[in-house]
*Asks:* 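The structure is given below, and queries will be raised subsequently.
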Amino acid sequence: MNVPVLPSILLLISTAHAFQYTELAQYIDSHQEEYVEALRDWIAIESDSSNVLKRAELHRMMDMTAQKLRLMGGTVELVDVGEQELPDGQTLALPKVVTAQFGNDSNKLTVCVYGHVDVQPAKLEDGWATDPYNLTDINGNLYGRGASDNKAPVLAWIHAVEAYQALNMELPVNVKFVIEGMEETGSNGLDAMIMAQRDTFFSDVDYIIISDCGWLSRRPALTYGTRGNCYFFAEVEGPKQDLHSGVYGGTVIEPMTDLIGILDTLISPSGTILIPGIREAVAPLSDDEWKMYQDIQFDIENHKNKTGVNQLMYNNKVDLLAHMWRYPTVSIHGIEGAFSDPGTKTVIPAKVTAKFSIRQVPNMDPAMVKKQVTDYLHSVFAKRKSPNKLKVTMVIGAKPWLADPQHPLYEAGKAAVNRVFNTDPDLIREGGTIPIARTFQDVTMKSIIMMPIGGFDDGMHSQNEKMSRFDSTGFLFHFRFLALSLFKRDNEVLNKKLC
Ligand SMILES: CC(C)C[C@H](N)C(=O)NCC(=O)O
């Protein structure tokens, strides 16, 4: 069973009878290689949204996505969401957002599937074992940038609709797609588009499904929360050009020294955020949450192996999960302008820009965090009495998202997992960010369920990202049935509650 297939699963299925399940499953299994080839075509496109030099590739990716949906007979639009302003003041066209619709029957529920087809940067020399843009199948693992995050899951949903069409089966729900190309950099332009189309495209949507996350372990999972993210640039500028450190070192106050000095004041070695006001905003961990976390399957040794470290920040499961999902953290990602090539260049860089981010949790507010971080860094910098100039910019301000795991969507999900796996799913949160999740919820007032498709060891954003055709436990195979059951149950529950 391969991944792109997965969704077929998810789909539709609500009203399908047993023989239809079998037919769908057979169709999907017998088309597995075509799904892998479709994924190969998509992986080959370097749709890196963070690199402005790759923008043409991103536009091509959106066109290709729209074309695939058009060829399936969907009502497809490429929605212009305007321009992006770059830190240097230049502007650049944003990739268009693809919307599509299959079915328009007012007697059916309408499901909106959201996904993205942009990716994080990847280079062979980062330590990939294979070319990140050439899908490589090793023992059933499909390696390539974007395989798990989020190209295979998006394709899987599309192929699910296609399987119904190919078998001349009626879709049990109307299906809408919203597929974007800027998720990895904060979903620029998408908030405004959702607001603008609230009373049109989104007016008949009953609920939203996102498959842009992963299981936590080999136990089935449903995701009910994601962290937000505030991403900052801190630029320190000094001399008018780079200087020879032997000739000028000791006479000028170096921008890099200033920058490292202020970065070191963001977080303590034991992980305490030192920016005033941040920790105070965080909702305290309730007893109920503590109990929920205790029951979740999470193997600390496995987490150590996966990350390749021999010591973690915390030694117990609840603390680790809580710090992964529902406490903020500061991560320092890189320094632009710093010398980073092999060799021993002896330069004093004239201007350096640090990139760091702070994951957001309830009840933090990105606007407030922007002010707290900017004020704090300027006050720390002022104490250094440096003649250099500091500029702090927040380039992403994505809010956290939290659903009610008691909502009928999750009841349906749990019942389906039980039916299929004979076990309760773990109800998990996600430490990463899906910037648009909160907007969907706030603007459309519709509920969201996140149904992870990725494996716990897919390596999203990392070297050797992959999506598995099979898992040792065969979870993808099971997931198909989970989905079938889910939607069957889903409609039963939701028809009662939503209609
Ligand atoms: C695991 C995340 C929710 C996946 C998502 N596509 C993502 O990577 N978002 C950006 C981020 O930095 O979290």
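Quick note: numbers below take in every heavy atom, side chains included, and nothing from hydrogens, waters or symmetry partners.
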*Asks:* Look up atom CZ in R429 and atom CG in L427, then write down how far apart they are to the nearest 0.5 Å.
*Replies:*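 Output value for this atom pair is 11.5 Å.
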
*Asks:* I'd like to know whether S47 forms a side chain to side chain contact (heavy atoms under 4.5 Å, CB included) with K151, so could you lay out the CA-CA distance, the side-chain angles of the two residues, the decisive distance to 0.1 Å, and finally the verdict.
*Replies:* CA-CA 11 Å; S47 49; K151 288 180 175 177; 3.0 Å; yes

*Asks:* Determine yes or no for a side-chain-to-main-chain donor-acceptor pair under 3.5 angstrom, with R279 supplying the side chain and Y327 the backbone.
*Replies:*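 Not at all, since once roles are kept as given, no pair shorter than 3.5 Å links the two residues.
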
*Asks:* Just so I know, are the side chains of S386 and F381 near enough to count as touching, which here means a heavy-atom distance under 4.5 Å?
*Replies:*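 Yes - at least one pair of side-chain heavy atoms lies under 4.5 Å apart.
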
*Asks:* Taking the side chain from S203 and the backbone from T200, do they hold a donor-acceptor pair closer than 3.5 Å?
*Replies:*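 Yes; at least one donor-acceptor contact below 3.5 Å.
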
*Asks:* For atom CD of Q120, decide whether the heavy atoms of other residues, nucleotides or ligands shown that lie under 6.0 angstrom number more than 12.
*Replies:*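 Atom CD in Q120 is crowded, with more than 12 foreign heavy atoms closer than 6.0 Å.
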
*Asks:* Which atom names give the shortest non-hydrogen contact between Y133 and P121, and what distance separates them?
*Replies:*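 Heavy-atom minimum between the residues: OH-C, 4.3 Å.
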
*Asks:* So, the side chain of Y410 versus the backbone of T223: is there a donor-acceptor pair under 3.5 Å, distance only?
*Replies:*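 Indeed, once roles are kept as given, a pair shorter than 3.5 Å links the two residues.
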
*Asks:* Hey, does the side chain of N150 reach the backbone of S211 with a donor-acceptor pair shorter than 3.5 angstrom?
*Replies:*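 Yes, because the side chain of N150 sits within donor-acceptor range (under 3.5 Å) of the backbone of S211.
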
*Asks:* Quick check on side-chain contact (heavy atoms from CB on, under 4.5 Å): which of L321, L320, N316 does V318 satisfy it with?
*Replies:*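 Of the listed options, the one satisfying the test is N316.
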
*Asks:* Distance check, rounded to the nearest 0.5 Å: D458 atom CG versus K306 atom NZ?
*Replies:*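 Interatomic distance, D458 CG to K306 NZ, rounded to 0.5 Å: 9.0 Å.
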
*Asks:* Distance under 6.0 Å and angle within 45° of the ring axis: does K355 meet both against F233?
*Replies:*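 Yes; both conditions hold, so K355 lies above the ring face of F233.
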
*Asks:* Specify the closest pair of heavy atoms between I210 and A437, including all atoms of both residues, with the distance to one decimal.
*Replies:*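 What the structure gives for the nearest pair is CD1-CB, 4.4 Å.
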
*Asks:* Would you please test D88 and Q90 for side chain to side chain donor-acceptor pair (under 3.5 Å) and show each step?
*Replies:* CA-CA 6 Å; D88 65 4; Q90 288 186 59; 2.9 Å; yes

*Asks:* Return the CD1 to CG distance between I358 and L266, rounded to the nearest 0.5 Å.
*Replies:*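 Those atoms lie 6.5 Å apart.
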
*Asks:* Quick one: sort the H303 and F298 rings into parallel, tilted or perpendicular, breaks at 30° and 60°.
*Replies:*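 Ring orientation of H303 relative to F298: tilted.
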
*Asks:* I'd like to know if the side chain of Y376 reaches the main chain of T265, judged simply by a donor and an acceptor atom lying under 3.5 Å from each other, with no hydrogens or angles considered.
*Replies:*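 Checking the backbone N and O of T265 against the side chain of Y376, a donor-acceptor pair under 3.5 Å is found.
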
*Asks:* Would you mind telling me which of V205, V97, V98, V113 makes a side-chain contact (heavy atoms from CB on, under 4.5 Å) with V178?
*Replies:*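 Among V205, V97, V98, V113, the one that satisfies the side-chain contact (heavy atoms from CB on, under 4.5 Å) with V178 is V97.
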
*Asks:* Would you check if the side chain of K176 reaches a backbone N or O of F201 as a donor-acceptor pair within less than 3.5 Å?
*Replies:*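 Yes, K176 side chain to F201 backbone: donor-acceptor pair under 3.5 Å.
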
*Asks:* State, yes or no, whether a side-chain contact exists between Q297 and L216 at a heavy-atom distance under 4.5 Å.
*Replies:*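 Sidechains of L216 and Q297: no contact.
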
*Asks:* Quick one: which of D212, I179, L39 gives a side-chain contact (heavy atoms from CB on, under 4.5 Å) with V154?
*Replies:*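 Of the listed residues D212, I179, L39, the side-chain contact (heavy atoms from CB on, under 4.5 Å) partner of V154 is I179.
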
*Asks:* Is there side-chain contact between R55 and P95, with heavy atoms separated by less than 4.5 Å?
*Replies:*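 Yes - at least one pair of side-chain heavy atoms lies under 4.5 Å apart.
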
*Asks:* Counting only heavy atoms not in E336, do more than 12 sit closer than 6.0 Å to its CD atom?
*Replies:*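 At most 12 heavy atoms, drawn from other residues, nucleotides or ligands, come within 6.0 Å of this atom.
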
*Asks:* Got a second to check how far D457's CG is from S468's OG, nearest 0.5 Å?
*Replies:*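 These two atoms lie 7.5 Å from each other.
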
*Asks:* Within the distance-only criterion (no hydrogens, no angle test), does the side chain of R326 pair as donor or acceptor with the backbone N or O of A283 below 3.5 angstrom?
*Replies:*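 Flag set: sc R326 to bb A283 pair under 3.5 Å.
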
*Asks:* So that I know where these two stand, are W325 and Y293 an aromatic pair - ring centroids less than 6.0 Å apart?
*Replies:*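 Under 6.0 Å, so yes.
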
*Asks:* Between D206 and T110, is there a donor-acceptor pair closer than 3.5 Å when you use the side chain of the first and the backbone of the second?
*Replies:*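 Checking the backbone N and O of T110 against the side chain of D206, a donor-acceptor pair under 3.5 Å is found.
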
*Asks:* Counting neighbours of NZ on K317 that are heavy atoms of other residues, nucleotides or ligands and sit closer than 6.0 Å, is the number greater than 12?
*Replies:*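 Yes, enclosed.
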
*Asks:* Would you name the heavy atoms of I428 and G214 that are closest together and state the gap between them?
*Replies:*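 Where I428 meets G214 most closely, the heavy atoms are CD1-O, 3.6 Å.
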
*Asks:* For I194 and F440, what are the C-alpha separation, side-chain angles and deciding distance, and is it a side chain to side chain contact (heavy atoms under 4.5 Å, CB included)?
*Replies:* CA-CA 7 Å; I194 292 171; F440 272 133; 3.5 Å; yes

*Asks:* Do P328 and I273 make a side-chain contact, defined as non-hydrogen atoms from C-beta onward lying under 4.5 Å apart?
*Replies:*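 The answer is yes, as the side chains (C-beta and beyond) meet within the 4.5 Å cut-off.
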
*Asks:* Working to the nearest 0.5 angstrom, can you tell me the gap between S331 OG and F356 CZ?
*Replies:*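 One finds 11.0 Å between OG of S331 and CZ of F356.
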
*Asks:* Would you call R219 and D426 a salt bridge, taking side-chain N to carboxylate O under 4.0 Å as the test?
*Replies:*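 A salt bridge links R219 with D426.
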
*Asks:* What are the two closest heavy atoms between G238 and N388, and how far apart are they?
*Replies:*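 Taking G238 first and N388 second, the nearest heavy atoms are CA-OD1, 3.1 Å.
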
*Asks:* Give the minimum heavy-atom separation between N188 and Q84, together with the two atoms involved.
*Replies:*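 Shortest heavy-atom separation between N188 and Q84 comes out as ND2-NE2, 3.9 Å.
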
*Asks:* Would you please test T433 and N229 for side chain to side chain donor-acceptor pair (under 3.5 Å) and show each step?
*Replies:* CA-CA 6 Å; T433 305; N229 200 10; 4.6 Å; no

*Asks:* Before giving the answer on side chain to side chain donor-acceptor pair (under 3.5 Å), spell out for S187 and E180 the whole-Å C-alpha distance, their side-chain angles and the decisive distance to 0.1 Å.
*Replies:* CA-CA 8 Å; S187 290; E180 67 151 323; 2.5 Å; yes

*Asks:* Report, as yes or no, whether the 6.0 Å neighbourhood of atom CZ on R384 holds more than 12 heavy atoms from other residues, nucleotides or ligands.
*Replies:*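 It does: R384 CZ has more than 12 such atoms within range.
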
*Asks:* Check for a donor-acceptor pair, side chain of D118 on one end and backbone N or O of L58 on the other, with a separation under 3.5 Å.
*Replies:*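 No: the side chain of D118 does not pair with the backbone of L58.
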
*Asks:* Please determine whether side chain to side chain contact (heavy atoms under 4.5 Å, CB included) holds for the pair D126 and W128, giving the CA-CA distance in whole Å, both sets of side-chain angles, and the decisive distance to 0.1 Å.
*Replies:* CA-CA 6 Å; D126 291 341; W128 281 68; 4.2 Å; yes

*Asks:* Any side-chain to backbone donor/acceptor pair from E184 onto S49? Under 3.5 Å, distance only.
*Replies:*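 No, because the side chain of E184 does not come within donor-acceptor range (under 3.5 Å) of the backbone of S49.
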
*Asks:* Under a 4.0 Å threshold between the charged nitrogen and the carboxylate oxygen, would R145 count as salt-bridged to E465?
*Replies:*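 Salt bridge: yes.
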
*Asks:* Determine whether Y114 and I448 satisfy the following criterion, side chain to side chain contact (heavy atoms under 4.5 Å, CB included), listing intermediate values before the conclusion.
*Replies:* CA-CA 10 Å; Y114 159 83; I448 302 171; over 6 Å; no

*Asks:* Which distance, rounded to the nearest 0.5 Å, do you find between the CE of M460 and the NZ of K466?
*Replies:*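 Answer rounded to 0.5 Å: 10.0 Å.
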
*Asks:* Determine the interplanar angle of the Y231 and H333 rings, folded into 0 to 90°, and report it as parallel if under 30°, tilted if 30 to 60°, perpendicular if over 60°.
*Replies:*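 If you compare the ring of Y231 with that of H333, the planes turn out parallel.
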
*Asks:* Quick check on N310: does its CG atom have over 12 non-hydrogen neighbours (other residues, nucleotides or ligands) under 6.0 Å away?
*Replies:*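 No, CG of N310 has 12 or fewer neighbouring heavy atoms, counting only those of other groups under 6.0 Å.
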
*Asks:* Q360 and R438: side-chain donor and acceptor closer than 3.5 Å?
*Replies:*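 Note: Q360 and R438 side chains miss the donor-acceptor criterion.
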
*Asks:* Is the NZ atom of K304 crowded by more than 12 outside heavy atoms at less than 6.0 Å?
*Replies:*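 Enclosed: over 12 neighbouring heavy atoms sit under 6.0 Å from NZ of K304.
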
*Asks:* Of the non-hydrogen atoms in M467 and A152, which two are nearest, and what is the gap between them?
*Replies:*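 Answer, listing the atom of M467 first, then A152: CG-CB, 3.9 Å.
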
